[in-house]
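Per chain, numbering begins at 1; letters A, B, ... match sequence-line order. Keep in mind that the numbers below use all heavy atoms, side chains included, and drop hydrogens, waters and symmetry copies.
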Protein chains: 2
Amino acid sequence: MIATGAGGVTRAQRAVLAALVDAPSFASAQEIHARLRASGETVGLTSVYRALQSLTEVGDVDVLRTDAGEATYRRCDSDRHHHHLVCRHCGAAVEVEAPELERWVADVASRHGYRVDDHTLEISGACGRCATS
Amino acid sequence: MIATGAGGVTRAQRAVLAALVDAPSFASAQEIHARLRASGETVGLTSVYRALQSLTEVGDVDVLRTDAGEATYRRCDSDRHHHHLVCRHCGAAVEVEAPELERWVADVASRHGYRVDDHTLEISGACGRCATS
DNA sequence: ATCGTTGCAAATGTTTTGCATGTCA
DNA sequence: TGACATGCAAAACATTTGCAACGAT
């Protein structure tokens with residue numbers, strides 16, 4: 001496997017990235033595949049999975065597991081470490097950077113004698129538009 | 001289905017709870033099943049899944065999805081809302097309650113016009129014992 | 001007898017892999 | 001020609017469900 005540039009180098013990778021740009025928030029591999037098919041692209045499900053795997057490794061997309069166990073993918077604006085605030089209704093997502101949180105995490109960990117290797121925070125709820133309607 | 005007491009009322013539920021007490025941290029359904037089998041208990045995999053489902057609904061055990069997509073379960077000491085600090089090596093886990101975090105989450109959400117329905121935070125790293133050895 | 005529990009087998013759904021084919025340098 | 005990329009079909013998973021047998025009240 002050759003190192004892929006940030007833009008995605010294979011046909012499948014380009015197609016998947018394009019689909020992710022349209023996606024309101026996190027989309028599953030199956031959804032991406034269906035969307036591509038619907039838009040006339042002829043990409044196999046296998047290639048979608050492989051493209052997502054590559055893109056994830058390179059860091060171009062973020063992965064999130066749903067409660068149902070489905071992996072969902074999202075193209076993130078920021079390439080820095082951040083967390084998500086996702087609307088359950090319309091799928092709108094806000095990327096939030098949180099230095100205080102990072103600090104707090106490190107603090108709590110060290111207070112328990114732990115070294116932090118990784119952490120995840122996901123907040124789900126309703127965005128302003130959906131909460132009121 | 002009848003309401004099950006906190007102790008677990010079916011044979012499968014009792015067995016699963018017992019297995020979870022021994023578990024150093026989160027264990028998958030398959031692991032629990034294997035452990036029960038190894039210890040001589042004759043419990044079907046199906047019953048393990050069903051027991052875990054019931055126990056989860058009642059709130060006796062917590063669920064956590066691994067990156068691999070496997071659901072893992074843990075018997076939690078606290079029945080209040082809390083987060084986990086898990087050691088990747090030995091599996092030791094600390095349950096941490098974090099009022100500041102909850103406040104911060106609510107704050108960030110409202111700043112973006114969101115209403116918070118749910119949130120998850122997982123911290124993984126190395127405990128003191130494993131970090132130094 | 002009745003009703004919940006059990007567990008096998010089969011179904012489901014996602015993701016991965018084997019393999020033959022296509023494509024581009 | 002050679003190294004990938006592709007996609008179908010099949011496999012590998014975790015998990016759920018249908019269903020008949022079982023156990024306790």
Side-chain angles (χ1 to χ4, degrees), chain A residues 1-20 23 25-58 60-74, chain B residues 1-20 23 25-58 60-74:
Chain A
M1 184 198 303
I2 79 172
T4 64
V9 86
T10 73
R11 180 167 58 94
Q13 286 175 349
R14 254 167 309 181
V16 165
L17 273 182
L20 282 176
S25 73
F26 290 90
S28 72
Q30 313 267 351
E31 282 167 357
I32 293 168
H33 180 238
R35 200 169 310 174
L36 288 175
R37 273 290 158 82
S39 71
E41 290 267 12
T42 60
V43 182
L45 180 56
T46 309
S47 295
V48 171
Y49 274 108
R50 281 196 274 238
L52 285 169
Q53 193 174 308
S54 302
L55 292 170
T56 301
E57 276 167 12
V58 178
D60 277 2
V61 307
D62 274 17
V63 201
L64 184 64
R65 287 260 169 203
T66 68
D67 286 345
E70 232 188 6
T72 52
Y73 304 83
R74 179 162 207 278
Chain B
M1 183 196 304
I2 80 172
T4 64
V9 87
T10 74
R11 181 167 58 93
Q13 286 175 350
R14 253 166 308 177
V16 165
L17 273 183
L20 282 176
S25 75
F26 290 91
S28 72
Q30 313 268 351
E31 281 167 359
I32 293 168
H33 179 239
R35 200 169 310 176
L36 287 175
R37 273 291 157 81
S39 72
E41 291 267 13
T42 60
V43 182
L45 180 57
T46 308
S47 295
V48 171
Y49 274 108
R50 280 195 276 237
L52 285 168
Q53 193 173 307
S54 302
L55 293 170
T56 300
E57 275 166 12
V58 178
D60 277 2
V61 306
D62 274 17
V63 201
L64 183 64
R65 288 257 169 207
T66 68
D67 286 346
E70 235 188 3
T72 52
Y73 305 83
R74 180 163 205 278

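- Remark: C1' of C:dT15 and CD of A:Glu31 are 15 Å apart, rounded to the nearest angstrom.
- Side chain of B:Arg37 to backbone of B:Val43: a donor-acceptor contact under 3.5 angstrom is found.
- Summarising the geometry, the separation between CZ on A:Arg37 and P on D:dC8 is reported as 6 Å, rounded to the nearest angstrom.
- Residue A:Thr72 is classed as having no contact, given no heavy-atom separation below 4.0 Å to the nucleic acid.
- A sub-4.0 Å separation between OP1 or OP2 of C:dT16 and a side-chain N or O of A:Tyr49 is absent.
- Taking 4.5 Å as the limit, some side-chain heavy atom of B:Tyr49 sits within range of a side-chain heavy atom of B:Gln30.
- Nucleic acid contact for A:Thr42: sugar-phosphate only, since backbone atoms but no base atoms lie under 4.0 Å from a heavy atom of the residue.
- As rounded to whole Å, 9 Å separates atom P of D:dT15 from atom CG of B:Leu45.
- Rounded to whole angstrom, the span from the CG atom of A:Leu64 across to the P atom of C:dT14 amounts to 16 Å.
- One finds a side-chain N or O of A:Thr10 lying less than 4.0 angstrom from the OP1 or OP2 phosphate oxygen of D:dT6.
- Counting non-hydrogen atoms under 4.0 angstrom, B:Ala12 reaches the backbone sugars and phosphates but no base.
- Of the candidate nucleotides D:dT16, C:dG7, C:dT15, C:dG7 has the atom lying nearest to any side-chain atom of B:Val43.
- The side chain of A:Gln30 lies closest to C:dT14, out of C:dT14, D:dG7, C:dC8.
- If you check distances only, the side chain of A:Arg50 does reach the base of D:dG7 with a donor-acceptor pair under 3.5 Å.
- Using a 4.0 Å cut-off, some side-chain N or O of A:Arg11 falls inside it from OP1 or OP2 of D:dG7.
- A:Arg65 places a side-chain N or O within donor-acceptor distance of the main-chain N or O of B:Asp67, the cut-off being under 3.5 Å.
- The ring-ring contact (aromatic ring centres under 6.0 Å, His included) check on B:Tyr73 picks up nothing, with sequence neighbours excluded.
- One N or O on the side chain of A:Arg14 and one on the backbone of A:Val9 form a donor-acceptor pair closer than 3.5 Å.
- Rounded to whole Å, the distance from CD on B:Gln13 to P on C:dG4 is 14 Å.
- In this model, the phosphate group of C:dG7 is approached by a side-chain N or O of B:Ser47 to a distance below 4.0 Å at OP1 or OP2.
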